[in-house]
Amino acid sequence: MSYETPEYSSIFSSVFEPDLLAELEAKSMLMKVSSGETIMRIGSPVRAVPLVISGIVKVSLINDDGQEILLYYVRKGETCPMSFTCWMTTKVSSIEGVAEEDSVILAVPGKVVDEWLLKYPTWKKFVMATILDGFSVVIKSIDDLAFKKMDDRLIIYLKEKSKATGSSLINLTHQQIGDELGTNRVVVSRLLKKLENDNKLLLYRNQIKLLRNL
DNA sequence: ACATTAAGTGATT
DNA sequence: AATCACTTAATGT
């Protein structure tokens, strides 16, 4: 297990004012989570806002049948837009957040999240920006779900995955991809095969290599 | 060598 | 696009 040094002040020093950085250090809690660990569980109340210091957190929606749909990733220097809406309305989380890699998270207690909105303009700006951004990402995924066919969604998914990991190699089984897109393994295998025949990617066991022309 | 898991494929709904 | 049933290929023990 490898964690980056939690030099979070440097990540946020450009966005937050010094006073806020100091309070951040004093009042929030640093958490290390390993890859695959669940950070936000469905049905549990959200009592803190997680800032991602290093690593990636995958946020997805899961319905009653256990079907999963990827919503978005939260990267270094970002936070989860849904976490705000959850604690502000004191509702329980309807989504799940899982660490995609070993990650370091700064948990900011809900209480101070609220105070800082009045106290620090940069905090307010940060919060508004992530909510706004999250909103457009979700609108985008509604668009994908409603109007795009599976093959387009697969391509979008692969590209996003590759961008998230910074690699053209994707280490996932067809089953895992199917789970994330809310479809079954056979469909994924067939679509991937088609893409391979079109020279868009190469298939291996547990691994997919994306080619430039995808 | 054998068992297990991932991937490929035709046929059916 | 989903499901079933089956085959083939890769990997672990």
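Order of the sequence lines sets the chain letters (A, B, ...), proteins ahead of strands, with each chain counted from 1.
- Nearest nucleotide to the Lys149(A) side chain, out of dT9(B), dA1(C), dA7(B): dA1(C).
- The interatomic distance linking Gln207(A) (CD) with dA10(C) (P) rounds to 14 Å, in whole Å.
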| message | Between Glu101(A) and Lys76(A), does the salt bridge (Lys or Arg N to Asp or Glu O under 4.0 Å) criterion hold? Intermediate values first, please. | response | CA-CA 12 Å; Glu101(A) 314 172 342; Lys76(A) 174 171 157 184; over 6 Å; no

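- With respect to Glu160(A) and Lys163(A), no salt bridge is recorded, no charged nitrogen being found less than 4.0 Å from a carboxylate O.
- Aromatic ring orientation, Phe12(A) versus Phe16(A): parallel (interplanar angle below 30°, classes split at 30° and 60°).
- When distances run from any side-chain atom of Thr183(A) to the nucleotides dG8(B), dA6(B), dA1(C), the shortest one goes to dA1(C).
- Between the CD atom of Glu196(A) and the C1' atom of dT9(B) there is a distance of 14 Å, given to the nearest Å.
- Under a 3.5 Å cut-off, the side chain of Thr79(A) and the backbone N or O of Pro50(A) do form a donor-acceptor pair.
- Set against dG8(B), dT9(B), dT11(C), the side chain of Arg190(A) has dT9(B) as its closest nucleotide.
- Atom CG of Leu192(A) is separated from atom C1' of dA7(B) by 10 Å (rounded to the nearest Å).
- Distances were taken from every side-chain heavy atom of Met150(A) (C-beta onward) to each of dA1(C), dA7(B), dT3(C); the shortest belongs to dA1(C).
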| message | If you apply the rule side chain to side chain contact (heavy atoms under 4.5 Å, CB included), what do you find for Met128(A) with Lys125(A), and how did you get there? | response | CA-CA 5 Å; Met128(A) 293 304 264; Lys125(A) 206 174 150 195; 5.9 Å; no

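- Across all strands shown, Leu203(A) has heavy atoms under 4.0 Å from sugar-phosphate atoms exclusively, and none from any base.
- Proximity note for Lys193(A) (side chain, C-beta onward) versus dA1(C), dA2(C), dT9(B): the nearest is dT9(B).
- Separating the CG atom of Leu195(A) from the P atom of dA7(B) is a distance of 15 Å, rounded to the nearest angstrom.
- Checking dA6(B), dA1(C), dT9(B) against the side-chain heavy atoms of Arg205(A) singles out dA6(B) as nearest.
- Taking atom CD on Gln175(A) and atom P on dG8(B), their separation rounds to 13 Å, with Å as the unit.
- Here dA1(C) is the nucleotide among dA1(C), dG8(B), dA9(C) with the atom lying nearest to any side-chain atom of Val187(A).
- Atom pair Asn206(A):CG and dG8(B):P shows a separation of 11 Å (rounding to whole Å applied).
- Here dT3(C) is the nucleotide among dA9(C), dG8(B), dT3(C) with the atom lying nearest to any side-chain atom of Asn184(A).
- In this structure, the CD1 atom of Ile177(A) is 15 Å from the P atom of dA1(C), given to the nearest Å.
- Annotation: of the two residues near DNA chain C, Arg185(A) and Leu191(A), the 5′-most nearest-nucleotide partner is Leu191(A).
- The shortest distance between the side-chain N/O atoms of His174(A) and the OP1/OP2 oxygens of dT5(B) is not below 4.0 Å.
- Rounded to whole angstrom, the span from the OH atom of Tyr204(A) across to the C1' atom of dG8(B) amounts to 17 Å.
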